[in-house]
Protein chains: 2
Amino acid sequence: MTAARTPTPADRPRLGLRERKKIKTREAIREATYALIKEHGYDATTIEQIAERAEVSPSTVFRYFPTKEDIVLTDEYDPVLLEELRARPTDEPWPDTVRHVMREAIRTGVEEDAEVARLRTHLMVQVPAVRSRMMESMSVTGRMLCAAIAERTGRDPDSLEVRVYAMSLIGGLMETSLYWAENGHRDDFAALVDRTLEVLQHGLPQEEI
Amino acid sequence: MTAARTPTPADRPRLGLRERKKIKTREAIREATYALIKEHGYDATTIEQIAERAEVSPSTVFRYFPTKEDIVLTDEYDPVLLEELRARPTDEPWPDTVRHVMREAIRTGVEEDAEVARLRTHLMVQVPAVRSRMMESMSVTGRMLCAAIAERTGRDPDSLEVRVYAMSLIGGLMETSLYWAENGHRDDFAALVDRTLEVLQHGLPQEEI
DNA sequence: CCATGAAATGAGAGTAGCTGTCAAAACGTA
DNA sequence: TACGTTTTGACAGCTACTCTCATTTCATGG
């Protein structure tokens, strides 16, 4: 890869020109999409417009993203999550692990690009298709969670108990995101997550009934 | 249809001819859809085919159902659920209420037409679009659950805690349905629901960690 | 520096879900 | 039977998405 004459200046090429171009194209499409949605809204933004602004053909847009919703949503949190999960000490109480992992995931996910995270959750509230797609991706995350829980606790990842536990966790956190967005992103998201985990662990704060 | 006089024979018309026809049309569309899906699968079944077999125009199909997925899924469980929920004594412990209501909902929903329930859950597993739509409708159910919980416990239905609680419940039950379908509907669904509620109440059966 | 093979792109046609409009048909009622 | 309303069908149109094929762009070996 490196040599011939100087096709790869050794500075930091590592990836060939082709790879770099692909990454740039992918980002161009995403940025174009975000910009257009901010200007005209989700539904009013067509693939054709996105393609035009990103300076690619509509065909190419579909080569990079399977659906329109995916342009907005796709971003690989799962590997980060999994890595974070494995990094925790094995003897740590499970609820603490969840808390740590979620906080970390939120930090890297939300604070890294707050604007995008807000637009994304905003669209989740506004656009059913996006919300659906989000839920789909969460069920994938759920499967991964099952594996992690199973690995950690020595259970069967396909058992009803593990799956229900994972999915209720995911569902709860999903609702937390929606709550956050619906209330104009005013709350501290980390604090909301804490309250969520509290409910999931101990049920509704028992006052009556 | 029958005559100039006797337009409403007093037998059991109650609903005018128009209403009755609408119900019949709705059922015809649904039956046509189920039949075609069983024969050729979900994706290979087009609205045009459905319309043809149901002996209506494609326009009419869309007048009765907003989307293709809705033809398969729509069925109003929510009112039944809500009614069931309100019928329980106020001093009953909340988990017991949930158990009763879910059991009842399942009885009327699943056992009433087992075949349809199976096809439906089967499609949930197989067809992403159907699964998504199902999740959408569950989040609507979630909102209703919030209201019911709030009414019952005197909380704010829009509070984070109530919403998270409701959504985790829904998410867990959703996963239970998927589990049921994936395992070929072999388990007793009511028993699965019991195990699900157990997990949601007390977490994973605490062995280690 | 050029030739060859592989990968990415663009252009175009085509499918299907879904929306909206408008005139014709079916129904309810007096 | 006649009139007003509701329901329907036919049609045009939009857009997301798929598939195919020719063209361009990059990688590599001589």
Side-chain angles (χ1 to χ4, degrees), chain A residues 1-9 13-29 33 36-37 40-74 127-130 132-133, chain B residues 1-10 13-26 28-29 33 36-37 40-74 127-130 132-133:
Chain A
M1 237 170 209
T2 46
R5 293 318 117 101
T6 57
T8 55
R14 202 141 290 167
L15 288 68
L17 176 55
R18 228 160 212 170
E19 310 281 320
R20 275 176 285 157
K21 263 196 138 179
K22 271 170 86 172
I23 293 173
K24 274 175 77 174
T25 302
R26 197 178 171 83
E27 298 214 341
I29 293 171
T33 306
L36 284 166
I37 287 178
H40 311 118
Y42 183 84
D43 286 332
T45 300
T46 72
I47 298 288
E48 207 166 348
Q49 292 172 330
I50 293 170
E52 193 177 345
R53 181 174 299 212
E55 293 181 301
V56 293
S57 73
S59 319
T60 299
V61 174
F62 284 114
R63 270 195 203 93
Y64 279 81
F65 299 93
T67 72
K68 188 175 160 187
E69 297 96 70
D70 280 286
I71 307 179
V72 179
L73 288 178
T74 300
V127 185
V130 173
S132 289
R133 189 63 195 75
Chain B
M1 240 168 212
T2 44
R5 292 328 111 104
T6 67
T8 55
R14 202 140 291 166
L15 288 68
L17 177 53
R18 234 163 208 169
E19 311 280 322
R20 276 176 285 157
K21 263 198 141 180
K22 271 170 87 170
I23 292 174
K24 274 175 78 173
T25 302
R26 197 178 172 83
I29 293 172
T33 306
L36 285 167
I37 287 179
H40 310 118
Y42 183 84
D43 287 332
T45 300
T46 71
I47 298 288
E48 208 166 346
Q49 291 172 331
I50 293 171
E52 192 178 344
R53 181 174 300 211
E55 293 180 303
V56 293
S57 73
S59 318
T60 299
V61 175
F62 285 114
R63 268 195 205 96
Y64 280 81
F65 300 93
T67 72
K68 188 176 160 188
E69 298 94 65
D70 279 287
I71 307 178
V72 179
L73 289 177
T74 301
V127 185
V130 173
S132 289
R133 189 63 195 76

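Letters A, B, ... are given to chains in the order of the sequence lines, protein chains preceding strands, and every chain is numbered from 1.
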Distance, rounded to the nearest Å, where [X] contributes [atom1] and [N] contributes [atom2]:
X	N	atom1	atom2	value
B:R20	D:dT7	CZ	C1'	16 Å
A:R26	C:dA8	CZ	P	13 Å
B:Q49	C:dG17	CD	C1'	13 Å
B:D70	C:dT19	CG	P	11 Å
B:E52	D:dG9	CD	C1'	15 Å
A:E19	D:dA27	CD	C1'	11 Å
A:K24	C:dT9	NZ	P	13 Å
A:R18	D:dT24	CZ	P	15 Å

Exercise. Can you tell me how far CD1 of B:I23 sits from NZ of B:K21, rounded to the nearest 0.5 angstrom?
Worked result: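 Rounded to the nearest 0.5 Å, the NZ-CD1 separation comes to 13.5 Å.
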Exercise. In Å, rounded to the nearest 0.5 Å, how long is the span from OG1 of A:T60 to CD1 of A:I50?
Worked result: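 With rounding to 0.5 Å, OG1 (A:T60) is 13.0 Å from CD1 (A:I50).
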Seminar exercise, completed: Each nucleotide of nucleotides 13-21 of chain D classed B (base within 4.0 Å of a protein heavy atom), S (only sugar-phosphate) or -, in 5' to 3' order, makes --SSBB---
Taking all non-hydrogen atoms of both residues, which atom of [X] and which atom of [Y] are closest, and how far apart?
X	Y	answer
B:T45	B:K68	O-NZ, 2.7 Å
A:I37	A:Y42	CD1-CD1, 3.6 Å
B:A51	B:S57	CB-C, 3.8 Å
A:T33	A:I71	OG1-CG2, 3.1 Å

Problem set entry | Under 4.0 angstrom between A:T60 side-chain N/O and C:dG10 OP1 or OP2 |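 Yes, such a contact exists.
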Exercise. Does a side-chain N or O from A:Y64 land closer than 4.0 Å to OP1 or OP2 of C:dA8, or not?
Worked result: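 No, no such contact exists.
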For this session: Can you figure out which of C:dG10, D:dT25, D:dT7 approaches the side chain of A:K21 most closely?
Result: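 The answer is D:dT25, which lies nearest to the side chain.
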Exercise. Is the closest side-chain heavy-atom distance between A:V56 and A:Y64 below 4.5 Å?
Worked result: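 No. Closest side-chain heavy atoms not under 4.5 Å.
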